Amino acid sequence: MACISAPPLLSNPCGSVKPARLSWASSFPKLGISFNCIAAPPSSLHTHNKDSFIRAAWTRRSRGEAAKRPNRKSWSQRTDMYMRPFLLDVFFSKRFIHAKVMHRGTSKVISVASTNSKDLRYSLTSLVDNDACRVIGNLIAERCKDADVFAMSFEPKKNERIEGRLGIVLDTIKENGIMFV
């Protein structure tokens, strides 16, 4: 083990003592502990003290810690925005279908497609049927490729099934070369 020594102290004409170096470590209060160059037994090296300011890296939440801080997000909630940055949002109203892809971190909209837009409103026979879903899927995939986005994620809402018109939109996007992660 290496010997640890305190930094040299300089005395002031006023009689006060100041450290010779101004560093981060010198800002801590001096404890009356002496360090010898004798190796300590292995059992005393690994003492766990909750009041210590030096702690290990925090990775996951235990149940007790989650109960203490209920508003703290979990590891996956905090890293999900960076692991899966592009999110697909599809909305079906009674009259139209709206879809957009946005970046989670910046909330920037990457691509948008809607059957209510001028170019689709008058060219489609129905604005909510299966053909309209395929057209929306094709447009979203094409516009995402133009923006260099080749992978996105879709998070279904609570009790939302991926079938019917939503399934058609997602399958069409997959068929056009966009991956879902």
Side-chain angles (χ1 to χ4, degrees), residues 1 4 23-29 31 33 40-94 96-117 128 130 132-181:
M1 283 187 88
I4 301 173
S23 67
W24 177 79
S26 66
S27 64
F28 287 107
L31 301 174
I33 300 173
S43 62
S44 66
L45 283 177
H46 303 290
T47 58
H48 299 288
N49 186 2
K50 289 184 179 179
D51 298 329
S52 173
F53 59 87
I54 299 173
R55 290 198 175 169
W58 183 84
T59 54
R60 287 187 216 106
R61 298 174 64 189
S62 63
R63 287 186 188 143
E65 190 170 349
K68 287 180 208 170
R69 296 204 249 171
N71 294 334
R72 175 91 177 189
K73 292 182 179 178
S74 68
W75 177 257
S76 63
Q77 287 172 332
R78 287 184 285 147
T79 58
D80 197 38
M81 178 175 61
Y82 303 104
M83 301 301 286
R84 302 185 307 160
F86 298 103
L87 183 67
L88 173 69
D89 180 33
V90 182
F91 176 72
F92 297 96
S93 70
K94 290 181 180 179
F96 307 110
I97 301 170
H98 305 280
K100 69 178 176 181
V101 176
M102 62 185 285
H103 189 265
R104 285 182 175 181
T106 59
S107 298
K108 182 179 177 183
V109 176
I110 305 300
S111 65
V112 179
S114 175
T115 55
N116 194 20
S117 62
V128 291
N130 295 346
C133 293
R134 287 186 190 91
V135 169
I136 292 295
N138 285 329
L139 276 174
I140 285 288
E142 178 184 319
R143 292 174 181 172
C144 283
K145 286 179 183 178
D146 290 342
D148 291 333
V149 174
F150 296 97
M152 66 180 73
S153 64
F154 175 76
E155 293 179 357
K157 296 172 181 67
K158 188 176 180 182
N159 296 328
E160 184 178 30
R161 294 181 183 166
I162 301 177
E163 60 185 13
R165 295 185 298 170
L166 178 61
I168 292 171
V169 171
L170 296 178
D171 288 339
T172 307
I173 292 172
K174 284 181 192 174
E175 289 168 3
N176 285 313
I178 304 291
M179 291 182 357
F180 281 92
V181 290

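These numbers come from a predicted model, not from an experiment. Each residue takes its place number in the sequence, starting with 1.
Within a 6.0 Å sphere centred on NZ of Lys145, other residues, nucleotides and ligands contribute more than 12 heavy atoms.
Here the straight-line distance linking atom CD1 of Ile136 with atom CZ of Phe96 works out to 11.0 Å at 0.5 Å rounding.
The closest side-chain heavy-atom distance from Lys157 to Asp89 is below 4.5 Å. Looking only at side-chain heavy atoms (C-beta outward), Arg161 and Pro156 stay at 4.5 Å or farther from each other. Proximity of Val135 to Thr115: side-chain heavy atoms (C-beta onward) are nowhere separated by under 4.5 Å.
Taking the six-membered ring where the residue is Trp, Phe86 and His103 present perpendicular rings, their angle passing 60° and hence far from 30°.
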Result block: side-chain N/O donor-acceptor pairs under 3.5 angstrom for residues 162-181, not counting sequence neighbours:
residue	atom	partner	partner atom	Å
Arg165	NH1	Val128	O	3.2
Thr172	OG1	Ile168	O	2.6
Asn176	ND2	Asn138	OD1	2.6
Asn176	ND2	Thr172	O	3.0

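Not counting sequence neighbours, the partners of Asp80 by the side chain to side chain contact (heavy atoms under 4.5 Å, CB included) test are Arg84, Arg104, Glu155. Residues satisfying the ring-ring contact (aromatic ring centres under 6.0 Å, His included) test with Phe154, not counting sequence neighbours, are none.
Arg143 places no side-chain N or O within 3.5 Å of a backbone atom of Ile110 that could act as its donor or acceptor partner.
What you find for Met102 and Ser107 is that their closest heavy atoms are CE-CA, 3.7 Å.
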